[in-house]
J.: 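Before anything else, here's the structure in question.
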There are 2 protein chains.
Amino acid sequence: MATIRDVAKEAGVSVATVSRVINGSGYAHEDTRKAVIAAVEKLQYKPNEVARSLYKRKSKLVGLILPDITNPFFPEMARGIEDYLQREGYRLIFGNSDENRKKEREYLDTFLQNNVVGLIISTNEQDHTIFDNLTIPAVLLDRTAGHLPAVYSDQQQGGRLAAEILLARGAKEITIIRGPVEIKTVYERYLSAVSVLEDTDVKVHILDSALSYQGARKCAKEVFVKYPDTDGIIACNDIVAATILQEALAMGKRVPEDIQVIGYDNVSFTALLHPALSTIQQPAYEMGTKAAEILIKKINQEKLEEIHTVFPVSFIERGTTREVE
Amino acid sequence: MATIRDVAKEAGVSVATVSRVINGSGYAHEDTRKAVIAAVEKLQYKPNEVARSLYKRKSKLVGLILPDITNPFFPEMARGIEDYLQREGYRLIFGNSDENRKKEREYLDTFLQNNVVGLIISTNEQDHTIFDNLTIPAVLLDRTAGHLPAVYSDQQQGGRLAAEILLARGAKEITIIRGPVEIKTVYERYLSAVSVLEDTDVKVHILDSALSYQGARKCAKEVFVKYPDTDGIIACNDIVAATILQEALAMGKRVPEDIQVIGYDNVSFTALLHPALSTIQQPAYEMGTKAAEILIKKINQEKLEEIHTVFPVSFIERGTTREVE
DNA sequence: GTGAAAGCGCTAACAG
DNA sequence: CTGTTAGCGCTTTCAC
């Protein structure tokens with residue numbers, strides 16, 4: 001790898017001059033500039049980012065911590081982030097936390113050791129003690145937080161929407177699948193759905209489930225033995241919804257005639273189900289993009305209008321609800 | 001952030017000594033060692049990886065380039081890689097290439113500028129000119145390549161398996177969905193399936209499709225207008241398979257009675273379909289893990305037994321094929 | 001056993 | 001307009 005010295009020698013100038021023309025800082029005579037450019041070309045010189053980072057105490061790296069890239073909701077977000085950052089010349093250094101505080105801490109530490117300039121993280125860490133001493137900008141993604149910038153979608157609206165739609169579509173005995181209560185966003189939509197339903201005369205059941213494929217299976221098995229007559233499901237995410245849908249179909253129930261189900265997220269495979277899953281869409285990609293945008297702004301010391309950016313959510317009606325006209 | 005100087009001062013020793021005890025290199029009196037450890041603890045000292053990287057000309061970063069993390073096949077692999085690397089103390093710096101040479105090049109360059117010690121990449125770049133001048137170890141993932149270490153699964157076996165199974169299950173008019181021919185792995189399984197079928201008297205159709213959700217839709221619409229009597233589908237991946245399955249169901253075809261379909265990959269949502277998708281499984285997570293393991297070995301200058309690691313593939317029978325006993 | 005000092009590749013004063 | 005130099009935080013000879 002050619003260094004700046006090589007370029008300087010090749011161009012017959014000093015390293016300072018090379019640095020100047022490369023960074024467009026300070027003056028440089030047109031001729032020297034050209035000579036430098038030529039040398040850079042010739043030697044295929046690429047500045048060593050590590051050296052830069054060491055001196056400037058800031059890199060072109062941003063850290064991303066997600067619970068689990070294997071959960072189909074996150075890749076979409078990650079892609080949004082990556083696309084935006086890539087355009088801005090930043091690179092992503094990435095880790096899966098499994099919602100585990102220790103791993104989060106570990107990643108955060110090593111990211112910091114690598115001079116990341118910013119952090120995007122999806123976490124439930126409630127006492128944000130981790131972030132309080134943080135010297136770099138951070139933005140929370142898909143999670144609510146206190147004083148930190150955050151981007152998430154309107155959980156209340158989502159929960160309400162799901163409940164109202166099932167109501168409007170004539171469900172009489174609704175089962176709400178509640179996700180892990182530690183995940184604030186998931187809990188909020190649950191609360192919101194409940195609050196809509198409790199003022200009505202429909203029967204309401206609550207069942208818990210994890211967000212994973214495995215957890216969903218367990219829940220799906222359980223729901224129909226516990227509530228065989230339930231005719232409406234509000235699931236905490238699409239995986240759970242899809243699993244319940246499958247189970248219902250396997251039992252010979254007609255969907256949406258006998259039972260309606262609404263998912264959450266609008267993960268891409270939901271459109272591939274048969275019947276395709278009706279669900280509450282979170283604009284995951286845009287959320288990722290926005291988080292990246294906000295982070296860059298903070299890195300550039302630009303003022304933020306709002307600390308929290310909340311995206312509206314929308315109902316995607318497909319085949320698991322009884323469309324009304 | 002505390003630096004090594006701060007620690008040295010706190011412990012009343014020189015930076016050299018601190019460095020020695022931290023790295024376990026060279027001697028250190030038990031007492032000084034303890035003093036240093038105490039100072040490290042007290043100051044919460046974490047070595048600056050950037051400075052280390054600059055001096056040693058190698059970091060704890062490995063680059064990962066994948067076509068698109070949004071494609072459900074890749075997160076599984078990525079997770080395998082990340083889990084392994086994380087345990088070994090390495091961090092991942094990541095980019096989506098969209099199979100685009102220019103982006104690959106760009107990522108590779110910036111990764112190199114950041115002193116990555118290794119590279120894992122899923123690419124079709126045929127003339128591996130990019131890699132020839134590479135000074136760091138690299139391993140190809142899910143892609144065949146020449147002289148470079150690579151891990152992938154047995155495409156020939158996969159294609160053959162799919163064809164044989166449809167044959168054994170009595171399909172008479174099989175449509176093979178061929179993915180992009182530029183993707184060597186995908187093309188190979190296609191070839192293999194064809195070669196099994198051409199020696200038989202079943203009718204065979206070929207149809208092209210992209211690997212994406214969008215491309216799959218287009219193909220799924222097309223297949224039944226072109227070949228309304230096809231009774232067996234060998235798809236190039238699970239997304240295409242699931243989309244065709246859905247389309248078939250929507251047309252009132254019975255699955256697997258009227259038409260059987262076999263996917264490829266065994267992506268997680270396939271188990272959620274109804275009927276659940278029969279498919280050829282690639283051990284994505286393990287492939288990721290293995291790629292990481294090989295990379296680490298190369299980084300540590302250990303000798304590799306084999307350049308290419310090929311994983312066997314297996315048929316996961318679910319509801320879209322007619323099980324025989 | 002331990003410290004002084006050089007140097008990894010770069011940028012930013014500061015002189016000239 | 002351009003060059004010299006110090007120094008970012010660390011590791012590693014090389015003396016002592």
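Convention: sequence-line order gives letters A, B, ...; per-chain numbering from 1.
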J.: Grab the two heavy atoms, one from A:Asn48 and one from A:Tyr45, that are nearest each other, plus how far apart they are.
T.: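 Looking at all heavy atoms of both residues, the closest pair is N-OH, 4.4 Å.
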
J.: Would you mind reading off the distance between A:Tyr27 atom OH and D:dG3 atom P, rounded to a whole angstrom?
T.: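 These atoms are roughly 17 Å apart.
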
J.: Any chance you could measure A:Thr110, atom OG1, to A:Arg105, atom CZ, to the nearest 0.5 Å?
T.: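 Rounded to the nearest 0.5 Å, the OG1-CZ separation comes to 10.5 Å.
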
J.: Could you tell me whether B:Ser53 contacts a base, only the sugar-phosphate backbone, or nothing, with contacts defined as non-hydrogen atoms closer than 4.0 Å?
T.: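 It contacts nothing in the nucleic acid.
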
J.: One character per nucleotide, please: for nucleotides 7-16 of chain D, 5' to 3', B when the base has a protein heavy atom closer than 4.0 Å, S when only the sugar-phosphate does, - otherwise.
T.: BBBSBB----

J.: With side chains defined as the heavy atoms from C-beta onward, is the minimum distance between B:Glu88 and B:Asn300 less than 4.5 Å?
T.: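 They are not in side-chain contact.
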
J.: With the side chain counted from C-beta on, respond yes when B:Val50 and B:Leu54 share a heavy-atom pair under 4.5 Å apart, and no when they do not.
T.: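 No - every pair of side-chain heavy atoms lies 4.5 Å or more apart.
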
J.: Applying ring-ring contact (aromatic ring centres under 6.0 Å, His included), can you list everything that pairs with B:Tyr187, at least two apart in sequence or on another chain?
T.: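 ring-ring contact (aromatic ring centres under 6.0 Å, His included) check on B:Tyr187 returns B:Tyr190.
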
J.: When the distance from NZ of B:Lys34 to C1' of C:dG1 is rounded to whole Å, what number comes out?
T.: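 Distance check: B:Lys34 NZ to C:dG1 C1' gives 16 Å.
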
